[in-house]
Amino acid sequence: MSKVDTLRGTGTRLVDVVRVLVTVVLGGIGAAAGFTHTHDWAVHHGQTGWLAWADAVVIEGIAIVAGFEVRRDHQRGNTRFLTFPMVVLVAGFGIQMTAQVALAEPTPGGWLLAAMPALGFLVVVKLLMRRAPADAAPETPAAPATSTSPAPPPASGLERGSTLAKLPAGVRDTVTRTTETAHAAGRHVTADDLAAAVKLPDAMVTALLDELNTRVNHHPVTT
């Protein structure tokens, strides 16, 4: 890394540090002044002790929380203006400004000066929200993989669903040869013929005999 790059990186970090310090100072002063105005307004209306500070926290914080929710809605593509967080933001800001100017000198200058600390605090929060990392988009579950390969066709020359077509190719060839040998001798194939050639369940042998003694490889048997 060259000396120019090093100086440039140091300058960038220094600017970031100054920006953070200025933001913290301005935000802290604005928050302190705004909370004090809201606290005094609550005391003026009979809320004493910790209740006055609770009112100040709620009134000052509600607009901030609503602002974060409005930003989150925009990140997720919800650009409608009239949403619940937006209503809360407008209402919270209105109550907050009322608290700031309630005890101020009843002149435009007095109202403006009383409102400036809270306005500055909200501006700082808004600027910090712009620098906050975006929320991760919700993961969309992947659609289950579906097989697009067609079902295997039935054995050549055999009817779909026949017992012979369901047999493995090697077993099917053995059964077919055994059957052709019996038919060539002028007789039907028997269970003993099949048992001597292959090992199959009795129920399948019975179904095969009915099928084999009428058709072999989809062709009628002539005896």
Side-chain angles (χ1 to χ4, degrees), residues 5-144:
D5 293 335
T6 302
L7 292 175
R8 185 179 296 133
T10 302
T12 302
R13 288 193 294 271
L14 181 60
V15 170
D16 289 338
V17 170
V18 172
R19 182 188 295 120
V20 171
L21 290 177
V22 172
T23 302
V24 171
V25 172
L26 291 180
I29 294 174
F35 271 73
T36 301
H37 284 160
T38 307
H39 171 268
D40 294 345
W41 185 49
V43 172
H44 183 73
H45 287 278
Q47 301 297 311
T48 58
W50 71 272
L51 288 176
W53 288 113
D55 288 337
V57 171
V58 171
I59 292 174
E60 295 292 320
I62 191 171
I64 299 174
V65 175
F68 276 105
E69 289 302 310
V70 170
R71 175 178 178 272
R72 185 184 183 194
D73 286 345
H74 287 173
Q75 287 180 341
R76 297 193 171 188
N78 183 7
T79 56
R80 291 185 303 139
F81 178 77
L82 189 60
T83 60
F84 180 70
M86 182 61 71
V87 172
V88 174
L89 176 62
V90 173
F93 181 77
I95 297 173
Q96 188 181 42
M97 289 300 101
T98 301
Q100 300 306 308
V101 303
L103 302 180
E105 178 183 328
T107 61
W111 294 329
L112 179 61
L113 291 174
M116 282 305 297
L119 285 174
F121 176 63
L122 290 179
V123 168
V124 169
V125 172
K126 178 63 177 176
L127 293 176
L128 291 177
M129 288 168 58
R130 289 170 54 88
R131 297 175 62 86
D135 294 338
E139 296 183 0
T140 304

What pair of heavy atoms forms the shortest contact from [X] to [Y], and how long is it?
X: F35; Y: W53; result: O-CZ3, 4.2 Å
X: A66; Y: P85; result: CB-O, 3.5 Å
X: A115; Y: V101; result: CB-CG1, 4.1 Å

What distance do [X] atom [atom1] and [Y] atom [atom2] have between them, rounded to the nearest 0.5 Å?
X: Q100; Y: T36; atom1: CD; atom2: OG1; answer: 9.0 Å
X: H39; Y: Q47; atom1: NE2; atom2: CD; answer: 10.5 Å
X: D55; Y: W50; atom1: CG; atom2: CH2; answer: 9.0 Å

* H45 versus W41, side-chain donor and acceptor atoms under 3.5 Å -> yes
* Structure fact -> Those residues at least two apart in sequence (or on a different chain) that pass ring-ring contact (aromatic ring centres under 6.0 Å, His included) with W111 are none
